[in-house]
Amino acid sequence: MNEASSNLLPAFTPVEHQTLRDNAYAQLRDALMTGQFEPGQHITIRGLASALGVSPTPIREALRRLAAERAIEAEPNRWMRIPVLSVDQLTELRAIRIALEGLAAAHAARRITDVELEDIRHLEAQIVALRPRGERKEMIPLISRLHFAIYRAAAMPDLLRIIESLWLRSAPYSNLLFPGYTRVERGKLRASAIAALERRDSLATREFLEADIGGALDYLIDLAKGDDWPSPVIDSARS
């Protein structure tokens, strides 16, 4: 990808000069966790620097941090790429995410406040309103924020940080759930998890959220076994 890559980038906000490195990292991290990049997507340093309105230096530093977190593959002086995960990697992520996010959901059901519940209901209403149009680039960030509103309600900051690291690797794959998986599932499991939260039923909240995560990852694992899985081949932007 060359100049065309810039047209595929998320709408970043120009960063403040006094914290260029941290702001560039924060915006790229948020874009990864909200599905604004897709598996196998390959982007030049120049394209990222232009999108964020900074020089290449803070971009390189941000990419080094993200590469250390295994969120991206990068040649810090030239490009970044969203990793293409194997069936084995997705299967491992599925097991870990179910265990940890289920734990967070169960604790959230015991501790959640009315204010936190109202925020979750509001996010769910926005997602439902977007569903008829199939606007995945608008829906995926809302779905991510809804999940993390639940996980934050658990009041377990160390667990939250671990879950964030898992989403850095898996959230780009949310794009592949549209339209096939989402057309069938239609958020039923997520809605059931929210209803269980409202009842403060920790067991049901955990079970529905685990089923939601497991179903989505099962769909991706099946895709990864087929011929249409994103290619791991590096494109011409590397040369």
Side-chain angles (χ1 to χ4, degrees), residues 1 5-6 8-10 12-101 103-104 140-141 144-145 147-148 151-152 156-176 213 217 220 224 230-235 237-239:
M1 297 182 185
S5 298
S6 298
L8 300 175
L9 293 173
F12 291 113
T13 301
V15 299
E16 297 295 329
H17 289 289
Q18 66 268 26
T19 55
L20 292 176
R21 177 184 59 194
D22 291 341
N23 281 334
Y25 169 77
Q27 289 204 56
L28 287 170
R29 190 174 188 272
D30 182 70
L32 286 163
M33 290 184 61
T34 56
Q36 300 304 295
F37 294 110
E38 300 189 20
Q41 186 174 351
H42 195 136
I43 302 159
T44 63
I45 300 297
R46 183 183 302 173
L48 286 170
S50 175
L52 276 84
V54 298
S55 72
T57 298
I59 299 297
R60 293 189 190 103
E61 294 171 347
L63 294 185
R64 288 190 188 98
R65 292 174 67 181
L66 291 167
E69 294 176 90
R70 301 179 66 199
I72 62 166
E73 298 167 342
E75 168 52 60
N77 291 323
R78 302 178 68 183
W79 51 264
M80 67 165 269
R81 189 179 74 132
I82 308 304
V84 175
L85 300 179
S86 67
V87 170
D88 288 345
Q89 288 172 313
L90 288 168
T91 301
E92 182 180 9
L93 273 173
R94 180 189 184 280
I96 298 170
R97 283 191 56 191
I98 285 175
L100 297 185
E101 292 174 49
L103 175 64
I140 292 172
S144 171
R145 286 169 185 137
H147 274 265
F148 279 95
Y151 305 149
R152 282 193 298 274
M156 302 177 74
D158 288 336
L159 178 59
L160 181 66
R161 281 191 288 272
I162 296 170
I163 293 172
E164 286 175 346
S165 71
L166 299 173
W167 276 64
L168 277 173
R169 300 187 66 205
S170 57
Y173 288 82
S174 300
N175 289 282
L176 303 184
I213 295 165
L217 267 295
L220 294 174
S231 171
V233 176
I234 301 296
D235 64 26
R238 183 172 183 173
S239 60

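Note that the structure is a prediction, hence the values are computed from the model and not measured.
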Completion exercise
On a heavy-atom basis, the closest approach of Leu28 and Ala62 is CD1-CB, 4.0 Å

Practice task
Taking side-chain contact (heavy atoms from CB on, under 4.5 Å) as the test, write out the residues that go with Arg145, two or more places apart.
Solution key: Asp30, Thr34, Leu123, Pro141

Exercise for the section: Quick one: pull up CD in Gln27 and CD in Gln36 and give me the separation to the nearest 0.5 Å. Expected result: 11.5 Å

Exercise for the section: Before giving the answer on side chain to side chain contact (heavy atoms under 4.5 Å, CB included), spell out for Leu66 and Tyr25 the whole-Å C-alpha distance, their side-chain angles and the decisive distance to 0.1 Å. Expected result: CA-CA 8 Å; Leu66 291 167; Tyr25 169 77; 3.6 Å; yes

Exercise for the section: Measure the spacing between CG of Leu93 and CD1 of Ile213 and express it to the nearest 0.5 Å. Expected result: 11.5 Å

Fill in the blank from the handout: Here the pair of heavy atoms bringing Met33 nearest to Ser144 is O-OG, 3.1 Å

Handout entry: Approximate separation, where rounding is to 0.5 Å, of Arg81 CZ and Gln41 CD
Key = 11.5 Å

Exercise for the section: Taking all heavy atoms of Leu90 and all of Ala224, pick out the closest pair and write down the distance. Expected result: CD1-CB, 3.9 Å

Handout entry: side-chain contact (heavy atoms from CB on, under 4.5 Å) partners for Leu176, two or more places apart
Key = Pro39, Tyr173, Leu220, Leu223, Trp229, Pro230

Exercise for the section: Please name the pair of heavy atoms, one in Leu32 and one in Phe37, separated by the smallest distance, quoted to 0.1 Å. Expected result: CD2-CD1, 3.8 Å

Practice task
Evaluate the side chain to side chain contact (heavy atoms under 4.5 Å, CB included) criterion for residues Tyr151 and Glu164: first the C-alpha distance (whole Å), next the side-chain angles of each, then the deciding distance (0.1 Å), finally the verdict.
Solution key: CA-CA 10 Å; Tyr151 305 149; Glu164 286 175 346; over 6 Å; no

Practice task
On the 0 to 90° scale, with breaks at 30° and 60°, tag the Trp167-Phe148 ring pair as parallel, tilted or perpendicular.
Solution key: perpendicular

Completion exercise
Separation between CD (Glu92) and CG (Leu166), nearest 0.5 Å, reads 9.5 Å

Exercise for the section: Any chance you could measure Met80, atom CE, to Glu75, atom CD, to the nearest 0.5 Å? Expected result: 13.5 Å

Handout entry: Leu52 to Ala24 - nearest heavy-atom pair and separation
Key = CD2-CA, 3.7 Å

Handout entry: Verdict with reasoning, Ile96 to Ile162, per side chain to side chain contact (heavy atoms under 4.5 Å, CB included)
Key = CA-CA 10 Å; Ile96 298 170; Ile162 296 170; 5.8 Å; no

Practice task
List the steps and the verdict of side chain to side chain contact (heavy atoms under 4.5 Å, CB included) for Ile82 and Ile43.
Solution key: CA-CA 9 Å; Ile82 308 304; Ile43 302 159; 5.9 Å; no

Handout entry: Donor-acceptor pair, side chain of Thr91 and main chain of Val87, under 3.5 angstrom
Key = yes

Practice task
Measure across Leu63 and Trp79 and return the closest heavy-atom pair with its distance rounded to 0.1 Å.
Solution key: CD1-O, 4.3 Å

Problem - Salt-bridge criterion met for Asp22 and Arg65 (N-O under 4.0 Å) - result: yes

Completion exercise
Sorted by chain and number, sequence neighbours left out, salt bridge (Lys or Arg N to Asp or Glu O under 4.0 Å) with Arg97 holds for Glu101

Practice task
Mind checking the CG-OG spacing from Leu85 to Ser170? Nearest 0.5 Å is all I need.
Solution key: 8.5 Å

